[in-house]
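Comments concern the structure below.
Every chain is numbered from 1 and lettered A, B, ... according to where its sequence line falls, protein lines coming before strand lines. All figures in this text were calculated on a predicted structure; none of them were measured in a lab. Side chains are part of it too, since the values below use all heavy atoms of this structure and drop only hydrogens, waters and symmetry mates.
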Amino acid sequence: MEERYNFKAIEKKWQEIWDDEKVYKVEIDKNKEKFYALVEFPYPSGAGLHVGHPRSYTALDVIARKKRMQGFNVLYPMGFDAFGLPAENYAIKTGVHPAVSTKANIENFTRQLKSIGFSFDWDRCINTCDPEYYKWTQWMFIKFFEKGLAYKDKIAINWCPSCKVGLANEEVINGHCERCGAEVVRKDKEQWMIAITKYADRLIKDLDDLDFIDRVKSQQINWIGRSEGAELDFEFGDDKLTVFTTRPDTAFGVTYMVLAPEHEFVQKYMGKFENQNEVRAYVEETAKKSDLQRTMSDEKTGVELRGIKAKNPYNGQMIPVFISDYVLTGYGTGAIMAVPAHDQRDYDFAKVFNLPIVQVLDGGDISEKAWEEDGKHINSGFLDGLNKDEAMRKAIDYAVEHGFGRAKVNFKLRDWVFSRQRYWGEPIPMVYCEKCGWQPIPESELPLTLPEVPDYHPNDEGESPLSKAGDWLNTTCPKCGGKARRETDTMPNWAGSSWYFLRYCDPHNDKEFASKEALDYWMNVDWYNGGMEHTTLHLLYSRFWHKFLYDCGYVPMPEPYKKRTSHGMILAENGEKMSKSRGNVINPDDIIDAYGADAFRLYEMFMGPFDQTAMWSDESLMGVYRFVGKVFGLFKKVYKNTKPSEKDLRAMHKCILEVSERIEQMRFNTAVSSLMTYVNYLSSLDKIAPELYENLLKLMSPFTPHLAEEMWARLGHDTFIVAETWPKGDAKLAEENTVTLAVQICGKMRGTIELAKDASREDAEKAALNLENVKKQLEGKEIKKVIVVPNKIVNIVAA
RNA sequence: GCGGGUGUGGCGGAAUUGGUAGACGCGUCAGACUUAGGAUCUGAUUUCGCAAGGAGUGGGGGUUCAAGUCCCUUCACCCGCACCA
């Protein structure tokens, strides 16, 4: 009876040995070059690991293992982003404390991750809800406060009436709450804000030097939304009404102005409006609308502010002023100058209200629609005859000279709403004193741990469950010693993950978040792989957070990640998203149980291009499962005294070169196919030289570490294959000495010829013309030209 | 509307600088071993055609001796943002 590969016993055996011997533990070693590979740490949900997680984890595990074999000192850590809503919702439903359920979930995740055989250094495992960890998250918040970047502000926030929680813009999807799907409304609330907008420019500029995939860069740039233009002051009552425009060159075409209904001048001048009631009604109406309703309607609405006009500083014209909800309060100055001839939105509005449309750039047909392209200026006084770019410069110069304007850059990015009315998050380490205002608690009192509360519901005012924490709330002011009250909001989910990669460098340090030595050695992260969904959330926040720490002198470089790549999603077999409600979730435990961790890892890498969406297929999984068995089966053909032939070496070196290169480029699916091709070749041999099989095992060890380790041991080695040296491919030995050239007539394939490598053009031509089929095809034709590309092709042009 | 991406067999997908389209895997078909196992091995498998030969990488056009690859144009789908002045 032939032995079958017993993956269950073998995988378990090696996992235990690796664990016991701490094979993947790393320490600072200044004699070795370091390599820091990072994957996004999971939220430990009750559902356990999803098959999507291991796609990213395996990919970087492959890279980390290869780098390790290439002599790098590799840091490949894992941890848990453990604060979050599901644990809290679970607590509300069952009364189980979030700390308890979270701990159980982390244990389950750890078991699952270990069962896949990742080469994480488990001694560095971190957990964001551990007070020893969030102590430093709180410490960093205080630094933000001390530098004036954390501030409390009453703003209209995105409020989810179902979760009773304020959301960041990033958490609102099409006007709905990202978590529960309820429609988000606007609500004025005092919130802690962090001034990420102060870093907007640097967050764009510094992307230049980073090796991030393009879609990440462009998505971040798009999200930050930088636009250059000018601020212009229009006379309005006793005030200056300032607008932001990217087209100051069109100022002579301004025929009206529009304020956001929330603009301060609306209330300030209310008494002067002839149609106060109408104005008031419109303001109230828009306040009631959700963002979604506001953006959904295509029709422009608005009300003229009768009784008051604005003066265009360029031509002195008096123009009407409107309020309309198509002007947003949060962007620019909340007011615009309207140029209906050259802006489609203004054009639509002007049509509804019968406002004049004055063309100031030549081109298009403005009886149809606005002309938004370039052209020569007309009707524009001193700008006449100029094109857009020149006119823009001149218009700004003119405004500066006459003191009514200035060049200005604006961003779509808003400051980060940092308060959550939730229990299961980091307490914000601030107290409020009637006399001294908001004060941070002293560093010596960190961590400020979460108190026990009677229940986890927010109250109807939308206040955090911490508002029910009794005595915990009352404290003294660190400044004056008087009575003070603690902040009851907690930090958002994104706080702990904004700096976790720093903690991995020195996870047990209780004096600092990480020592300078550790940061100097391990940072930057050399390669960070994660999901596209975090591009404008975690990835942007953590870049900002890191830049702030850099400015304070706490980290040695301005950017945290050198390289960022992203994996595609894994969908169910039918192309749908995997979800509990659809019942199509694949549980990694089941796969590992049935096919083993190695087959699972290999399949995750083989299923398709790494950066693209892939569909799960049990049938395809069978293919790699068979492959694992095949590699195991080859072992019995390995004979100690066999010498490899030239052809054998050619196949081996070709495989080494391909696999090495393809791993580096994250073309894992083709790296695996190279291994398969090589294994097919080895299968065709009667006897396999040890060298051939050993190198196969080394090349496979990043993908299937258990199998590789087992067979390595069976070959008689007493070392770990994961600590062996990565094989070097020799391009010369991989080369064929004969090549097959295609022979074409007028670009159509008519046959092939076998020639020595680098055979001369003449020989190639002669051999091609000698082919029977070629002779036949050329009958009665005249050869016009013969094109020979050495080692590739012979093309005969004939008529 | 703006930004990014993808279109290749029955399916997942391969194809340096333009140079034999369909590697590798799945599935299917045939055979072998055996006999009942979703096992293993061998062979075939883009399509039309008995063959010679033709067609073929979403559609249309172009450049070239030669185009999946370069250029123009068009369609479909996916992701992100979205009244951002």
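- Side-chain atoms of A:L361 and A:T250, non-hydrogen and from C-beta on, do get closer than 4.5 Å to each other.
- Across B:G13 and B:C26, the matching P atoms stand 16 Å from one another, rounded to whole Å.
- Picking from B:G4, B:A85, B:G80 the nucleotide with the shortest atom distance to the side chain of A:L328 gives B:A85.
- Residue A:Y326 places no side-chain N or O under 4.0 Å from the OP1 or OP2 atom of B:A85.
- Between B:A85, B:G4, B:C24, one nucleotide has an atom nearer to the side chain of A:F244 than all others, and that is B:A85.
- A gap of 13 Å separates the C1' atoms of B:G19 and B:G68, to the nearest Å.
- Following rounding to the nearest Å, A:I213 (CD1) and B:G80 (C1') show an atom-to-atom distance of 13 Å.
- By the 30° and 60° cut-offs, the orientation of the rings of A:W494 relative to A:H534 is perpendicular.
- A:R750 comes within 4.0 angstrom of sugar-phosphate atoms only, judged by non-hydrogen atoms across all strands, and of no base.
- Using bins of under 30°, 30° to 60° and over 60° for the plane-to-plane angle, the ring pair A:Y678/A:Y681 lands in the parallel bin.
- Here A:K784 lies out of heavy-atom contact (under 4.0 Å) with every strand.
- For an aromatic pair to be called close, the ring centres must be under 6.0 Å apart, and A:F404 with A:Y314 satisfies this.
- When distances are taken from the side chain of A:N222 to each of B:G54, B:C24, B:G3, the shortest belongs to B:G3.
- Backbone-only contact: A:N773 has heavy atoms under 4.0 Å from sugar-phosphate atoms and none from a base.
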remark   = Protein-proximity profile, nucleotides 27-46 of chain B, B/S/- by nucleotide at the 4.0 Å heavy-atom cutoff, equals S----------B-S------

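- Separation of the C1' atoms belonging to B:A23 and B:U74 is 32 Å when rounded to the nearest angstrom.
- Remark: A:I213 CD1 to A:T535 OG1 distance equals 7.5 Å, nearest 0.5 Å.
- No side-chain N or O of A:E604 forms a donor-acceptor pair with one of A:T58 less than 3.5 Å apart.
- Between A:R406 and A:D233, the closest side-chain pair of non-hydrogen atoms falls below 4.5 Å.
- When the options A:V258, A:T301, A:T286, A:V283 are evaluated for a side-chain contact (heavy atoms from CB on, under 4.5 Å) with A:I323, the one that passes is A:V283.
- Distance from the side chain of A:T740 is smallest for B:U20 among the nucleotides B:U17, B:U20, B:A85.
- Using a 4.0 Å heavy-atom criterion, one finds that A:K748 contacts the sugar-phosphate atoms exclusively.
- Between A:F668 and A:F606, the ring center distance fails the sub-6.0 Å criterion.
- Taking each heavy atom of A:R226 and A:I204 in turn, the nearest pair found is CB-CD1, 3.6 Å.
- Closest contact between the side chain of A:M749 and the listed nucleotides B:A21, B:A85, B:C83 involves B:A21.
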Where do N or O atoms of nucleotides 63-73 of chain B meet protein N or O atoms at under 3.5 Å, pair by pair?
| residue | atom | partner | partner atom | Å |
| --- | --- | --- | --- | --- |
| B:C65 | O2' | A:N795 | ND2 | 3.1 |
| B:C65 | O2 | A:N795 | ND2 | 2.6 |

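- Side-chain rings of A:F353 and A:F322 approach one another, their centers coming within less than 6.0 Å.
- Taking atom C1' on both B:A44 and B:G9, the two are 15 Å apart, rounded to the nearest angstrom.
- Between B:U6 and B:C83, the two P atoms lie 27 Å apart (nearest whole Å).
- The side-chain heavy atoms of A:W223 and A:K412, taken from C-beta on, include no pair separated by under 4.5 Å.
- Between B:G22 and B:U46, the two P atoms lie 9 Å apart (nearest whole Å).
- Against the 90° criterion about 0, the sugar-base torsion of B:G22 places it in the anti range.
- Comparing the C1' positions of B:U16 and B:C70 gives a spacing of 16 Å, expressed to the nearest Å.
- Contact annotation: A:Q777 side-chain N/O to B:A52 OP1/OP2 distance is not under 4.0 Å.
- Straight-line distance between the C1' atoms of B:G53 and B:U34: roughly 44 Å, to the nearest whole Å.
- One finds a salt bridge joining A:E576 and A:R582 here, because a Lys/Arg side-chain nitrogen approaches an Asp/Glu carboxylate oxygen to under 4.0 Å.
- Heavy atoms of A:V339 sit nowhere under 4.0 angstrom from any nucleic acid atom.
- At the heavy-atom level, A:R662 lies nowhere under 4.0 Å from the strands shown.
- Taking only side-chain atoms of A:K776, from C-beta outward, the nucleotide of B:U20, B:A85, B:A52 with the closest atom is B:A52.
- In this structure, A:D214 reaches neither bases nor backbone, as no heavy-atom distance under 4.0 Å exists between it and the strands shown.
- OP1 or OP2 of B:A15 has at least one side-chain nitrogen or oxygen of A:R667 nearer than 4.0 Å.
- With ring centers used as reference points, A:Y603 lies under 6.0 Å from A:W616.
- Among B:G4, B:A23, B:A82, the nucleotide with an atom closest to any side-chain atom of A:R215 is B:G4.
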At a cut-off of 3.5 Å, list every protein nitrogen or oxygen paired with a nitrogen or oxygen from nucleotides 7-13 of chain B, distance to 0.1 Å.
| residue | atom | partner | partner atom | Å |
| --- | --- | --- | --- | --- |
| B:G12 | O2' | A:M607 | O | 2.7 |
| B:G13 | O3' | A:N669 | ND2 | 3.3 |

